[in-house]
Amino acid sequence: MPRDVRILNTGSLLELSRRLRAAGGENIRQSMHRRIRRAAEPLRDDLQSTMRGLNIRSQGRNSRGGGPSPNGRPLRATIAEAVRISVRTGGSPGATVWLDKGRMPPDLKNVPDQLNEGRLRHPVFGNRRRWVNQYASPPWWDTTLRQHRPRMEREVARVLDDVRRRLE
């Protein structure tokens, strides 16, 4: 199930946030905000490109690909556009990469979770009496997150060290 990704070192970020406010370092705070966002952008971009290129195959009788979307919304692109970044430097500082289900149509809100689990079950062209399974591999959210997490943690730690040095 796709969950939001939070890169937090809460104690260090809270302490730095307080020191930034006390020092009145608005320029330093903007720089920290920008650099933390830049650390999260490759993950967001990779999640979006992974979703756009995700192989979703059918259990169908033939091997030909599916046709155009019956509702006019491309599934992969709709999900990819819902991946967001949120950066906070205030009371609860950190970066969050998350899937904004509010930006998705109501009938697609469960689809990212199902695709991450590997199986999407849906009615055929809206016919609630005929259902099919489609399979996706690998888990798009979890796999991509595992690849990026160490790099993001290193970058955020580097940003925190730089800001700490500038405040001293």
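Closest non-hydrogen pair, H122 versus W131, comes out as C-CE3, 3.3 Å. In terms of heavy atoms, L120 sits closest to Q114 at CD1-OE1, 3.0 Å.
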Problem - Intermediate values then yes/no, side chain to side chain contact (heavy atoms under 4.5 Å, CB included), L47 and V97 - result: CA-CA 10 Å; L47 281 167; V97 177; 3.9 Å; yes
Exercise for the section: Check the pair L54 / M51 against side chain to side chain contact (heavy atoms under 4.5 Å, CB included), numbers first and verdict last. Expected result: CA-CA 5 Å; L54 187 66; M51 174 45 69; 4.0 Å; yes
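Residues R38 and E41 are in side-chain contact: their nearest non-hydrogen atoms beyond the backbone lie under 4.5 Å apart. Between R130 and P123 there is no side-chain heavy-atom pair separated by less than 4.5 Å. For the pair R52/E81, a side-chain contact is recorded, criterion being any heavy-atom separation below 4.5 Å from C-beta on. Between R166 and S31 there is a side-chain heavy-atom pair separated by less than 4.5 Å. Taking 4.5 Å as the limit, every side-chain heavy atom of L99 sits out of range of all side-chain heavy atoms of R84. At a threshold of 4.5 Å between non-hydrogen side-chain atoms, the residues R103 and T78 do not count as touching. Counting heavy atoms from C-beta outward, E155 and I36 have side chains that stay 4.5 Å or more apart. At a threshold of 4.5 Å between non-hydrogen side-chain atoms, the residues W141 and P112 do not count as touching.
With values rounded to the nearest 0.5 angstrom, E117 atom CD is found 9.0 Å from R119 atom CZ. Put simply, OG1 on T143 and NE2 on H148 are 11.0 Å apart, with the number rounded to the nearest 0.5 Å.
The local environment of CZ in R128 is sparse, with at most 12 non-hydrogen atoms from other residues, nucleotides or ligands closer than 6.0 Å. In the displayed structure, R57 atom CZ is contacted under 6.0 Å by more than 12 heavy atoms of other residues, nucleotides or ligands.
Salt bridge absent: R158 and D161 never bring a charged side-chain N and a carboxylate O closer than 4.0 Å.
Side chain of Q134 to main chain of I56: no donor-acceptor pair is present (N/O by atom type, distance under 3.5 Å, no hydrogens or angles).
Test V111, D113, L108, I79 against K101 for side-chain contact (heavy atoms from CB on, under 4.5 Å) and you get one pass: D113.
Under the side chain to side chain contact (heavy atoms under 4.5 Å, CB included) criterion, T50 pairs with D46, W140, T144, sequence neighbours left out.
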